[in-house]
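Remarks on the structure that follows.
Computed from heavy atoms alone, side chains included, the values below leave out hydrogens, waters and symmetry copies. The sequence lines fix the lettering, A, B, ..., with proteins before strands; numbering per chain opens at 1.
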Protein chains: 2
Amino acid sequence: MYISVMVSPSPIAVKVWTRLIRAHSKALSGVEAQLKKARLPPLSWYDILLELERADTGGLRPYELQNKLLLPQYALSRLIERLASKGFVERASCNDDGRGQLLKITAKGRKIKEQMWVVYGPAIEQHIDQKLPEAELKTLSDLLEKIAR
Amino acid sequence: MYISVMVSPSPIAVKVWTRLIRAHSKALSGVEAQLKKARLPPLSWYDILLELERADTGGLRPYELQNKLLLPQYALSRLIERLASKGFVERASCNDDGRGQLLKITAKGRKIKEQMWVVYGPAIEQHIDQKLPEAELKTLSDLLEKIAR
DNA sequence: CCAATATAAATGCAACTGCATCTATATTGG
DNA sequence: CCAATATAGATGCAGTTGCATTTATATTGG
């Protein structure tokens with residue numbers, strides 16, 4: 001008598017795995033390259049500026065940003081330092097928590113974010129919109145969401 | 001009279017973009033963490049060992065590997081150096097091209113690759129197989145392929 | 001209230017990456 | 001055949017990342 005054996009992982013899962021890596025790598029490195037060519041900051045800066053802009057006048061604490069962006073603590077600490085050194089964010093000390101600080105986007109930060117979008121937006125269009133019709137994008141979005149869950 | 005304006009990119013494309021990044025980041029960093037915890041080499045080593053194993057006795061030239069793996073030349077050069085220093089690959093000088101070398105996986109290389117798969121395989125199962133039924137994996141695989149094209 | 005513990009953020013150091021360049025060998029056009 | 005150019009691969013250097021630890025302030029249990 002034969003017993004069915006669990007193979008780990010399934011061939012289709014391996015295919016999804018490799019294609020996820022490929023798709024990500026192609027799209028991401030494409031966009032990063034376009035930003036670099038335009039002498040603009042890397043994508044990670046955009047993410048931070050976006051969150052800070054959303055937070056508006058309230059600002060955000062670094063650890064809040066960390067949760068939103070899923071970065072390691074030290075990585076964010078250093079990103080913020082670079083952003084601050086360019087004048088794109090402001091660090092104010094936090095009056096209800098002496099350990100912390102409150103981050104806010106500056107006018108200069110808003111401006112660079114906008115300039116980045118001029119490259120970033122069309123790059124997404126090129127790497128995503130132009131590859132699939134809307135219905136398939138919808139499907140893909142749902143499936144990726146489940147993978148990331 | 002109103003003229004329809006191209007928005008760049010579409011909202012659904014932006015969603016796919018962010019979810020692609022999330023899904024990749026969650027799955028990848030999960031697997032890398034598991035490998036590290038098992039004190040095994042990083043994923044990039046596996047890719048190289050896999051290609052060299054497929055090439056078997058014929059071996060591969062670095063530039064061939066580079067094409068398969070889409071790595072920058074200097075990155076591969078250094079990866080190979082590390083792999084060689086651990087005895088996982090062998091570099092032989094190439095007799096039909098004095099500039100080049102021929103890479104082969106060693107017995108030790110095959111062994112570490114196998115040990116990595118013990119962690120890697122189940123990790124893929126956990127991060128991919130267990131998230132979606134087979135039919136959806138098939139769909140996802142096709143869609144990702146189109147994105148990467 | 002204070003000692004123990006937890007949390008926010010920074011940082012020293014080693015490893016890794018990206019860029020530009022360099023060396024060595026191959027190929028090609030005159 | 002040789003000078004010019006192209007290709008294979010390595011490497012110096014500066015910038016970045018990961019890890020572990022440190023500093024400073026908050027919180028918590030006795």
Side-chain angles (χ1 to χ4, degrees), chain A residues 25 28-48 51-52 55 59-86 89-104, chain B residues 24-25 28-48 51-52 55 59-86 88-104:
Chain A
S25 149
L28 255 283
S29 59
V31 174
E32 288 283 18
Q34 286 175 268
L35 283 171
K36 184 160 288 186
K37 205 166 61 183
R39 311 183 128 271
L40 288 167
L43 277 180
S44 51
W45 292 31
Y46 188 89
D47 296 338
I48 293 179
E51 292 298 340
L52 290 180
L60 279 180
R61 300 280 301 269
Y63 76 90
E64 294 176 299
L65 219 36
Q66 199 183 314
N67 294 334
K68 288 179 193 293
L69 302 179
L70 27 109
L71 287 171
Q73 181 269 320
Y74 58 81
L76 184 60
S77 172
R78 280 170 169 148
L79 272 174
I80 289 167
E81 190 182 320
R82 283 170 224 152
L83 277 273
S85 81
K86 293 284 182 186
V89 309
E90 246 176 17
R91 291 189 271 199
S93 56
C94 193
N95 43 8
D96 58 324
D97 187 341
R99 297 165 302 183
Q101 52 189 238
L102 197 59
L103 304 172
K104 289 183 188 172
Chain B
H24 175 271
S25 149
L28 255 283
S29 60
V31 174
E32 288 282 17
Q34 285 175 269
L35 284 170
K36 183 161 289 185
K37 204 166 64 186
R39 313 182 127 273
L40 289 167
L43 277 181
S44 51
W45 291 32
Y46 189 90
D47 296 338
I48 293 180
E51 292 299 339
L52 289 180
L60 279 180
R61 299 280 301 270
Y63 75 90
E64 294 176 301
L65 262 178
Q66 200 183 312
N67 294 335
K68 288 179 193 292
L69 302 179
L70 25 110
L71 288 172
Q73 181 270 320
Y74 58 81
L76 184 59
S77 173
R78 281 170 168 148
L79 272 173
I80 290 168
E81 190 181 319
R82 282 170 225 149
L83 277 270
S85 82
K86 293 285 182 186
F88 297 147
V89 309
E90 247 177 15
R91 290 189 272 200
S93 55
C94 193
N95 42 7
D96 59 324
D97 187 340
R99 296 165 302 181
Q101 52 190 240
L102 197 60
L103 305 172
K104 290 184 187 172

Notebook entry, point to check: Residues two or more places apart in sequence or in another chain: which of them pass side-chain contact (heavy atoms from CB on, under 4.5 Å) with B/Glu90?
Noted result: B/Thr106
Next item on the list: Report the residues that fulfil salt bridge (Lys or Arg N to Asp or Glu O under 4.0 Å) with A/Glu32, sequence neighbours left out, ordered by chain and then residue number.
Entry: none
Check: Reading DNA chain D 5' to 3', which nucleotide is the first, and which the last, to come under 4.0 Å of any heavy atom in chain A?
Finding: D/dT16 to D/dA26
I'd like a table of donor-acceptor pairs (distance under 3.5 Å, sequence neighbours excluded) in which one partner is a side-chain atom from residues 73-84 of chain A, with atom names and distances.
none

Notebook entry, point to check: What string of B, S and - do you get for nucleotides 9-19 of chain C 5' to 3' if you count protein non-hydrogen atoms under 4.0 Å?
Noted result: BBBBB--SSBB
Notebook entry, point to check: What's the shortest heavy-atom distance between B/Leu102 and B/Gly59, and which atoms?
Noted result: CD1-C, 4.0 Å
Note to self: The test is side-chain contact (heavy atoms from CB on, under 4.5 Å); show your working for B/Leu28 and B/Leu43 and say whether it passes.
What the structure shows: CA-CA 9 Å; B/Leu28 255 283; B/Leu43 277 181; 3.6 Å; yes
Note to self: List the residues meeting salt bridge (Lys or Arg N to Asp or Glu O under 4.0 Å) with B/Glu51, not counting sequence neighbours, and say none if there are none.
What the structure shows: B/Arg54
Next item on the list: Please list all pairs passing the salt bridge (Lys or Arg N to Asp or Glu O under 4.0 Å) test where one or both residues lie in residues 59-75 of chain B, with sequence neighbours left out.
Entry: B/Arg61-B/Asp97
Next item on the list: Write out the stems for DNA chain D, ordered by first number and formatted as range with range, counting runs of at least 3 consecutive Watson-Crick or G-U wobble pairs under 3.5 Å.
Entry: C:1-30 with D:1-30
Margin query: Rounded to the nearest 0.5 Å, what separates atom CZ in B/Arg99 from atom SG in B/Cys94?
Written below: 9.5 Å
Item checked: Rounded distance (nearest 0.5 Å) linking atom CG of B/Leu60 with atom CG of B/Leu65 -> 5.0 Å
